[in-house]
There are 2 protein chains.
Amino acid sequence: MTPDASSSSIERLVAVLVVIFTVEAGKLRILLIRRSADPFKDHWSLPGGRLLPADSLAEAATRRLEVETGVTDVFLEQLYTFSDLDEAGSIAAAYWALVDPNRAKLPDRLEWQPRWYAVDDLPDLAFLNGNVVQYAVTRLRNKLAYSNVAYSLLAAEFTLSQLQQVYEAILGRSMDKRNFRKRIISLDIIEPTGRFSGQGRHRPAQLYAFKERRPVVF
Amino acid sequence: MTPDASSSSIERLVAVLVVIFTVEAGKLRILLIRRSADPFKDHWSLPGGRLLPADSLAEAATRRLEVETGVTDVFLEQLYTFSDLDEAGSIAAAYWALVDPNRAKLPDRLEWQPRWYAVDDLPDLAFLNGNVVQYAVTRLRNKLAYSNVAYSLLAAEFTLSQLQQVYEAILGRSMDKRNFRKRIISLDIIEPTGRFSGQGRHRPAQLYAFKERRPVVF
DNA sequence: GCAAAAGTGTTCTCTGTACACCCATGT
DNA sequence: ACATGGGTGTACAGAGAACACTTTTGC
C-alpha cells in the first residue's frame, strides 16, 4: 500500500461547513467569505475548515461559528454530510446556525472578508456550495413550522411585528397580522414581558420573550 | 508531525452504518449483526464498515446494504453523522433503508449472523447504536407522514389492508380502516391494478401499486 | 389633526376523527 | 351456514385563511 494521496489512504480529510443565517433589513441572509487561495480563489464560499485532531464535528462547527460571528450560544444543528463537493474525495459535514444580526460582529479586517448575502441574490459559489445553501434554506423553512428556532434570530425581547417580519423574510411571503398573532400565541412559546417598545411616533408595542431560548419541537 | 495514531493525524477513519428496516409479522424490525471481534465482541450492532478509498458515502452504504440483504433498488437515505460513537474519534455516517422482507435474503452462513429484531424489543447494542436506532425510528415515523417511502417495504402489488398493517407497525398504533383508506387515496400515491388477491376464505381484495417506486415528498 | 404602527373577532372552508354494517369467498 | 377479512358514508370538531376598523403615540 502506498502512503501517498488521500485517495489511496484508508483515512479521509474531513471538513466542516457552516451555513450561518440571519434576518436583517427584511431579508434572509447568509454569511459568505471570499476564498483567498486556490481552488476557486476569489470566489465566494461558505465558511468552513478542516476537522482538527480530537475535534468532534459539533466542536469544529461551533468554533468556526465563533470565529466568524463572535457568538456561540445560538441555534446550531447538523445539516448533511457530503462526500462529493470536490474531486479529492474529502468528507464535508455541513451545519447550519441562526444568529441575531445585532449580536454577530463580523471581524471586517479578516483577509477572507466575511459578508452577509441575501439568499435570493447570491453570487456564484465555490464547489457545490449552492446545493448546500438550498438544502439549508429548505430545512430552515420546514423547521420554522414546528419549532421555536426563531428565538435565535432575535434579541431577548421583541415585538410581535418584529417576529412576524422574521417569519416573512424566511418564508418569503407576507402573512396576515391577526392570523399570525393568533397562531404564535396558541403555540405557547412566547410570553409578554410587561415592558413596551416606546419608540417611534405611533402606539408603543408590547414586548415579548421566548419562554425557552433553546430548541423546542412541537 | 508524528505518523502514529489517528488521533494525531489530520485525517480521520470514516465508517458507514446502516439501519435497515423491514416490517414483518406486524412488527417494525431492524437488521442486527453479532460482532465477531473486539471491542464489544459477541454484542449485537448495526451493520457497517470502513469507507474505502474512492468511495462516496452513498456508495459505501449501498454496498453494505447489498451485502446484508441482496437488494439495492430500495429507499436509502442519509440519517446523521456521528463523531462520538467510540473513543477513537472516528466519524460514522449513518444511513437508513427500507426493505421488503420477502426480497431481502439474509445470508445465514455469514459469521456475523444477521438477524431481524423488533425495534420495541432490542438487545443491548454495541457502541451507542441505541441512539442511532432511536433517531432512525423517529425519522421514519415523520417521513411516513409526508412521503411515499412505504413503497420500499412492500411488493409491487399489495392490498390496502397490507399497507395499513405496515403503517400501524411503524407508528405503533392501530388506525381506523375507513379513515386510512380515505386518506391514502386522497394522497394520490397509489392506484388499483385491476387484479385481485384471491387467497383465503373471504372476499378477494383489490390489489394496488404505488404510482412511483421512488421517493416522493408531498 | 394627521401619520404611523399596534391591536383586535368573526365567518368559512377544509381536514381529521369517530363510528357500524353489508359483501364475497372458502370450507 | 358460518367464519373471515373486504369494502363503504356521515356527522362533528378543530385548524387555517380571508377579511377591516379602532387605538395610541409623536410630531
Side-chain angles (χ1 to χ4, degrees), chain A residues 23-26 141-148 150 154-155 157-209 217-218, chain B residues 23-26 141-148 150 154-155 157-209 217-218:
Chain A
V23 174
E24 204 219 326
R141 286 181 176 154
N142 288 335
K143 202 120 190 173
L144 200 60
Y146 61 90
S147 77
N148 68 343
L154 288 158
E157 301 196 338
F158 50 86
T159 68
L160 286 181
S161 294
Q162 288 167 342
L163 182 61
Q164 182 172 347
Q165 284 159 21
V166 166
Y167 274 68
E168 290 178 339
I170 293 172
L171 299 177
R173 61 188 169 85
S174 59
M175 304 186 211
D176 179 83
K177 182 161 55 158
R178 283 165 293 187
N179 292 340
F180 178 80
R181 287 166 185 235
K182 248 180 302 178
R183 200 179 93 236
I184 287 290
I185 288 167
S186 78
L187 292 177
D188 201 35
I189 55 173
I190 61 170
E191 57 194 357
T193 64
R195 286 179 286 280
F196 288 81
S197 90
Q199 46 195 353
R201 59 186 212 180
H202 55 79
R203 179 170 171 177
Q206 175 66 249
L207 290 171
Y208 286 80
V217 171
F218 308 148
Chain B
V23 174
E24 202 218 329
R141 287 181 174 153
N142 288 335
K143 202 120 188 172
L144 201 60
Y146 61 89
S147 77
N148 67 343
L154 289 158
E157 300 197 339
F158 50 88
T159 69
L160 286 181
S161 292
Q162 288 168 345
L163 182 61
Q164 183 173 346
Q165 283 159 23
V166 166
Y167 272 70
E168 289 178 340
I170 293 173
L171 298 176
R173 60 189 169 86
S174 58
M175 303 186 212
D176 179 84
K177 184 163 52 159
R178 284 166 293 189
N179 292 339
F180 178 78
R181 288 167 184 233
K182 247 180 305 178
R183 202 180 92 235
I184 288 290
I185 288 168
S186 78
L187 292 178
D188 201 36
I189 54 174
I190 62 172
E191 56 193 358
T193 64
R195 287 179 286 278
F196 288 81
S197 89
Q199 46 195 352
R201 58 187 211 179
H202 53 79
R203 175 172 174 178
Q206 175 66 250
L207 291 172
Y208 287 79
V217 170
F218 309 148

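All chains are named by letter (A, B, ...) in the order of the sequence lines, taking the proteins before the strands, and each is independently numbered beginning at 1. The analysis underlying the following values was restricted to heavy atoms, covering all of them including side chains, and did not include hydrogens, waters or symmetry mates.
Of all nucleotides in DNA chain C having an atom under 4.0 Å from a heavy atom of chain A, the first and last in 5' to 3' order are C:dA3 to C:dT10. Of all nucleotides in DNA chain D having an atom under 4.0 Å from a heavy atom of chain B, the first and last in 5' to 3' order are D:dA3 to D:dT10.
Within residues 170-184 of chain A, the residues that place at least one heavy atom under 4.0 Å from DNA chain D are, in residue-number order, A:Asp176, A:Arg178, A:Asn179, A:Lys182. If you check residues 199-208 of chain B against DNA chain D, the residues with a heavy atom closer than 4.0 Å are B:Arg201, B:His202, B:Arg203, B:Pro204, B:Ala205, B:Gln206, listed by number.
Taking A:Leu171 as the reference, A:Arg141, A:Leu144, A:Arg173, A:Met175 meet the side chain to side chain contact (heavy atoms under 4.5 Å, CB included) condition, with sequence neighbours excluded. Residues that satisfy the side chain to side chain donor-acceptor pair (under 3.5 Å) test with A:Arg178, not counting sequence neighbours, are absent from this structure. With sequence neighbours excluded, the residues forming a side chain to side chain donor-acceptor pair (under 3.5 Å) with B:Glu157 are B:Arg195, listed by chain and number. Contacts of A:Gln164 classified as side chain to side chain donor-acceptor pair (under 3.5 Å), with partners at least two apart in sequence or in another chain: A:Glu168. In this view, B:Ala205 and B:Thr159, B:Ser197 satisfy the side chain to side chain contact (heavy atoms under 4.5 Å, CB included) rule, not counting sequence neighbours.
Here ring pair (Phe, Tyr, Trp, His ring centres under 6.0 Å) pairs that include residues 173-199 of chain B, with residues two or more places apart or in two chains, are B:Tyr167-B:Phe180. Every pair passing salt bridge (Lys or Arg N to Asp or Glu O under 4.0 Å) that includes a residue from residues 180-194 of chain A is listed here, sequence neighbours excluded: A:Asp188-A:Lys211.
Here B:Leu207 contributes atom CG and B:Leu160 contributes atom CG; the two are 9.5 Å apart, rounded to the nearest 0.5 Å. In this structure, CG on A:Leu154 lies 10.0 Å from CD1 on A:Ile190, to the nearest 0.5 angstrom.
Of all heavy-atom pairs spanning A:Gly26 and A:Ala169, the tightest one is O-CB, 3.6 Å. Heavy-atom minimum distance, A:Thr193 versus A:Tyr208: CG2-C, 3.9 Å.
No engagement by B:Ser186 is indicated, since no non-hydrogen atom pair under 4.0 Å with the nucleic acid exists.
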